[in-house]
Amino acid sequence: MASDKKIAQKGSKPKARLPRGFRDRFGAEIAAERRLVDIIRGVYESYGFEPLQTPTFEYTDALGKFLPDVDRPNEGVFSLRDDDEQWLSLRYDLTAPLARYVAENFQHLPKPFRRYQTGLVYRNEKPGPGRFREFTQFDADTVGSNSPAADAELLMMVCDALEALGLNRGEYIVKINNRKLLDGVLEAVGVPSDDKERRGIILRAIDKMDRLGLGGVRQLLGPGRTDESGDRTKGAELTETQINQVMLFVAPEGYLPKNFDPLLRIGSAVGPSAIGTLGLNEVRGIRDILQAAGYGEDQVQVDTSIIRGLDYYTGPVFEAQLTFKVKNDEGQEVVFGSVAGGGRYDDLVARFTGQQVPATGISIGVSRLLTALQQRDLHSETPLIVVLSMGDVGWSFSVAKELREKLKDPISGKLLVRAEAYVGGAKKKLQDQLKYADKRGAVLVVFAGDDERANGNVTIKDLKRGAELSKSVESRADYLGARNAQATVSRNDLVAKIKEKLGLR
RNA sequence: GUGAGUGUAGUUCAGUCGGUUAGAACGCCAGAUUGUGGUUCUGGAGGUCGUGGGUUCGAUUCCCACUACUCACCCCA
């Protein structure tokens, strides 16, 4: 058929395209993420956490039990069949592989076992703006301790890491809550804790507080909610009195007088419930340790509206939020929200061993955090210098080599600049070389031409300053005459002059 | 998964009440400038109007399906 032929011809050349929900990363973005990861790693290692790497694939059944929706067990993960017919899946987080690792190596590991891990994880979900099917997480977990000390330590580490990244006090806040408190409230309200379905609905409803507001949450707790597209979300069918009690517990900001100790308020909402009291004690335990260790309310706060959707959390839950405004792609200011989350999951390892092992962890969303930090210029790229050649290319390489060798931090030995010689031989007009340097984002350019070489000189041009100066230039004549952002210096003074220009010691 | 909206140049968007060669801005390339990016001026390249089908003498325009994206909702380990 003619149409088939057309399709076949069309299909003979594959279209260069990216699978949806995935992205390419390049250059400065990679450098920035690497730097961020290095800083977090430094903090975590300083606490004595050990690195762990696990493969990106796991047997599906090792992950599968965590799938919350039993009706769609393979939804959300990328899976494939191995040649021995067994199902493999790409990891969707770093917690499930940890549970598998601990279960497999249980007797060899020190307890508590404290490890950190960073890497790519995969989710086979509908991608959206800022949501991808492949992204980086940075986790720290402690397995084998039920002490609030383990939870408190993770929170301290996250605070330290955020501050090591350059955030000031007040620019972030780590919030803590406890699932047992909510269980206590539900018990006090008269919803039995084994009513898993209703409990789930209530959890998810409270989690939507920031988006739907008080009214929306109340609807979801009661009869349910119909959105503007006519889609109906089932509610928890609580009575008005029950809803009021739950809302009192959740108590969004502004509901109660400021400076009212949240623990007192929570205590009254939980009432005499045993599980609620347990939760209260856990929260208090974590808070006391943090305070004694010098972490204050300006860093970690109790907030009962923090829920986190995951079903597997059994007690404390954590969430780190940024408090400053961040601009989105359209330049509008938005509150960025959560950059890290976690909690205690005491039942995870038991799936493999049958033996209950307490565990707690926190995960930093590296990509999200990076997006936010980039706007604050917390990532300064290592300056790039391009050496241009007019004549002997070999000489320009010797200049670039000298820059690489001599512009190093005297203590750490880290490179202070990146220096490259121009290698685009076919187009060697100076104009092209400068355009290239400009496009590369070079800070400085060094002219290593025959004229300079003959006189034992070299010319340094400041591209950034040149661009500034050109803004005030009106006529073409002025523009052509403007050569004031550059200077010819003796080759012997090259390194010293560049240090001076870049403000290096 | 549900509902709505949008797909026109590399990008952001005009436009066609169905009619010959589909436009702008920015970006890109070249020249003015044989040792100067960034300013300015001149010129140029670049589009199966998302894909497939239908209606029609004729479809980028109207209709249907598909697909991608955006928004809201469900879900999000």
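This one's a predicted model, so the numbers in the text were calculated from it and none came from an experiment. Chain A is the first sequence line, chain B the second, and so forth, proteins listed ahead of strands; every chain is numbered from 1.
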Between protein and nucleic acid, restricted to nucleotides 68-71 of chain B and to nitrogen or oxygen atoms under 3.5 Å apart, what atom pairs and distances do you find?
| unit_1 | atom_1 | unit_2 | atom_2 | d |
| --- | --- | --- | --- | --- |
| C69(B) | OP2 | Arg20(A) | NH1 | 3.4 |

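- By the ring-ring contact (aromatic ring centres under 6.0 Å, His included) test, Tyr345(A) is found to be paired with Tyr312(A), residues two or more places apart in sequence or in another chain being considered.
- For Gln431(A) and U36(B), the shortest distance from a side-chain N or O to OP1 or OP2 is not below 4.0 Å.
- When the P atom of C76(B) is taken as reference, atom CZ of Arg131(A) falls 10 Å away, rounded to whole Å.
- With sequence neighbours excluded, no residue forms a ring-ring contact (aromatic ring centres under 6.0 Å, His included) with Phe49(A).
- Nucleotide G1(B) holds its C1' atom 13 Å from the CD atom of Glu125(A), rounded to whole Å.
- Here Glu33(A) pairs with Arg25(A) under the salt bridge (Lys or Arg N to Asp or Glu O under 4.0 Å) rule; sequence neighbours left out.
- Side-chain to base pairing of Glu452(A) with G35(B): one donor and one acceptor N or O lie within less than 3.5 Å of each other.
- Considering only side-chain N and O atoms, Lys429(A) lies nowhere under 4.0 angstrom from the phosphate OP1 or OP2 of U36(B).
- Between the P atom of U36(B) and the CG atom of Asp462(A) lies a distance of 19 Å, rounded to the nearest Å.
- Under the rule for a ring-ring contact (aromatic ring centres under 6.0 Å, His included), the partners of Phe138(A) that lie at least two apart in sequence or sit in another chain are Tyr44(A), Tyr116(A).
- Among the atoms of the strands shown, only primed sugar atoms or phosphate atoms (P, OP1, OP2) are found under 4.0 Å from some heavy atom of Arg123(A).
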* Structure fact -> Pairing string of RNA chain B (Watson-Crick or G-U wobble, both atom distances under 3.5 Å; | = paired to other strand) is (((((((..((((.....[...)))).(((((.......))))).....(((((..]....))))))))))))....

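- Rounded to whole Å, the distance from CG on Asp451(A) to P on U36(B) is 11 Å.
- The side chain of Leu430(A) approaches G35(B) more closely than any other nucleotide in the set G35(B), C75(B), U39(B).
- Considering only the side chain of Lys439(A), C28(B) comes nearest among G35(B), C28(B), G37(B).
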